[in-house]
There are 2 protein chains.
Amino acid sequence: MQEYHALLKRTTLFAGIDDAGLDRLLSCLAPSCRNFSKGEALLHAGQSAGQVGVVVAGAIEAYRIAPDGTRILVSRMGPGGVFGDVLGGSSLTSPVTVVATEPVSVLFFAYHQLLVQCRNNCPAHTQLLQNLVRTISDKYFVLSRRVDLLLLKNLRAKVSSFLLSEAKRTGTATFTVPFTRAQLAEYLNCDRSALSRELSRMQAEGLIETYKSSFKLLDSTTLAHLSSQ
Amino acid sequence: MQEYHALLKRTTLFAGIDDAGLDRLLSCLAPSCRNFSKGEALLHAGQSAGQVGVVVAGAIEAYRIAPDGTRILVSRMGPGGVFGDVLGGSSLTSPVTVVATEPVSVLFFAYHQLLVQCRNNCPAHTQLLQNLVRTISDKYFVLSRRVDLLLLKNLRAKVSSFLLSEAKRTGTATFTVPFTRAQLAEYLNCDRSALSRELSRMQAEGLIETYKSSFKLLDSTTLAHLSSQ
DNA sequence: AAAAAACCGTTGCCGTGGCAACAAAGGATC
DNA sequence: GATCCTTTGTTGCCACGGCAACGGTTTTTT
């Protein structure tokens, strides 16, 4: 378990907790570590979990399964990713299916143990609770950001808004997005060909340069103007 | 404070807590009660709160203020409504402005007191924490539902989906929605005239009956079919 | 290395829905 | 009761973007 200390301290769930606190917490919470092979499901849509998972190695994807069977990508996570938190340990059923995209190791924490202050009265537990609330509200704001994007009135505004947020996230005006065209179109809720068309136009107008999934923003001020209308 | 017991027990934040537990909790948490007059702001966008508010009388609305100054209705709450919870007591700033739509009384709970198990070790505190997580994840799912709605490909699907969810919520096929046409159009992210047009068509086709903000669903099975495409 | 599959750009066609403008019907205020 | 303002329905116009189809390129499979 020691081996995960450095990683755990960088997760949102255990941020701001020192080594001693983390030690005591881990011995109290006694998470179980499980390994999954590529393609295996960690959580099925419709299940209720009662556990919070923390990815310590590998990567996972969360899909929403539409009634017609098509998979819609909701989220991707690498080491440090936290899932199952939004279910609140209640009997709520998961809206998503979580699948390993490569061999993955996950620590599972029982939800009721996260909520109950143990008899050892670990001082780090308060921080943990605050972090738990924080991980959930973070996801709330990610979703809120998505709503903002979907509310934009035309495709160019959506594209501009998305590109600017990616530039901000990566901290540079030249970046690669981890999506195929089709996935990006799905995220922006538009047709793939329409997205290609719009990107071509924007390139022709000198707003951006793009090849495959790499982008270079040439005129951020105009993009910012476009993204809010 | 006694006078609020019955109300508080029906809120999501204090659900499942008995009178004795509620008594001890309230004396520990020592919420402050504040009154606001109609139109007064309880929380400004951009502020960070550090408090959770529970409406005990009156009603409030949460607005998002667009860069061009227009107000977008995000949420409405009556007695029992909880707000400020999603900010997680952290330094996150509120994305919305909360305004009293009529004279309102609110109990404010300090966030850090909610998270810290007090030295009295109230047994109800664990339930409270679980409830807090639950109120936040509830809001997550409300937003998630909104995303589902916005992802639908055409207006008829959005309208059908919305009407069905309202019917489910009210438990009857004849109901009134608390929105003007313009507000409903805003929620569905479409033009007001387009919404009126679509409702007219649906009425002409015998799917619904509608007058102003009252609706009657005539063919729920067809509506259900429309709402998922 | 060949074959298959996935991915991407492009283009013609056309329908949904945005926009603007107007009329009618309450509701509120005086 | 007259006036003003808000809310709603309606309709013509047309642009944005969905759809389908095709070809070229890259990647994966065997």
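Naming: A, B, ... by sequence-line order, numbering from 1 per chain.
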d(CG, A:L195; P, D:dG17) in whole Å: 11 Å

Ranking D:dT8, C:dC8, D:dT10 by distance to the side chain of A:K212, first place goes to C:dC8

Could you tell me the separation between the CG atom of B:N189 and the P atom of D:dG17, rounded to a whole number of Å? 12 Å

Atom-pair distance (CG on B:L188; P on C:dT16), nearest Å: 18 Å

Please determine, by modelled atom types, if A:Y211 and A:E209 share a side-chain donor-acceptor pair under 3.5 angstrom. no

Which one, C:dG18, C:dT11, D:dT11, comes nearest to the side chain of A:R197? C:dT11

Of all the nucleotides listed (D:dG17, D:dT10, D:dG9), which has the minimum atom distance to the side chain of B:S193? D:dT10

Do the ring planes of B:F108 and B:F36 sit parallel (below 30°), tilted (30 to 60°) or perpendicular (above 60°)? perpendicular

Ranking C:dC8, D:dG18, D:dG9 by distance to the side chain of A:A194, first place goes to D:dG18

Nearest-angstrom distance from the residue atom CZ of A:F215 to C1' of C:dC8: 12 Å

Residue whose nearest DNA chain C nucleotide is more 5′ - A:K153 or A:F179: A:F179

Rounded distance (Å) that lies between atom P of C:dG15 and atom CG of B:L155: 17 Å

Nearest-angstrom distance from the residue atom CG of A:L226 to P of D:dC16: 13 Å

Check the distance between D:dT8's P and B:L199's CG and give it to me in whole angstrom. 11 Å

Polar contact flag, side-chain donor to acceptor under 3.5 angstrom, B:N189-B:K158: no

Using OP1 and OP2 only, check whether a side-chain N or O of B:Y211 sits under 4.0 Å from C:dG26. yes

Minimum-distance nucleotide (side-chain atoms of B:S196 versus C:dC8, D:dT8, C:dC19): D:dT8

Taking CD from B:E198 and P from D:dT10, how many angstroms apart are they, rounded to a whole number? 13 Å

Would you say D:dT10 has OP1 or OP2 under 4.0 Å from some side-chain N or O of B:S200? yes

Check against side-chain hydrogen bond (donor to acceptor under 3.5 Å, both in side chains), B:S37 and B:E40: CA-CA 6 Å; B:S37 49; B:E40 209 173 343; 3.1 Å; yes

Polar side chain donor-acceptor pair, A:R156 to A:S161, under 3.5 angstrom: no

Taking the minimum atom-to-atom distance to the side chain of B:D191, which one of D:dT10, D:dT26, C:dG18 wins? C:dG18

Does C:dC7 have OP1 or OP2 sitting under 4.0 Å from an N or O in the side chain of A:R192? no

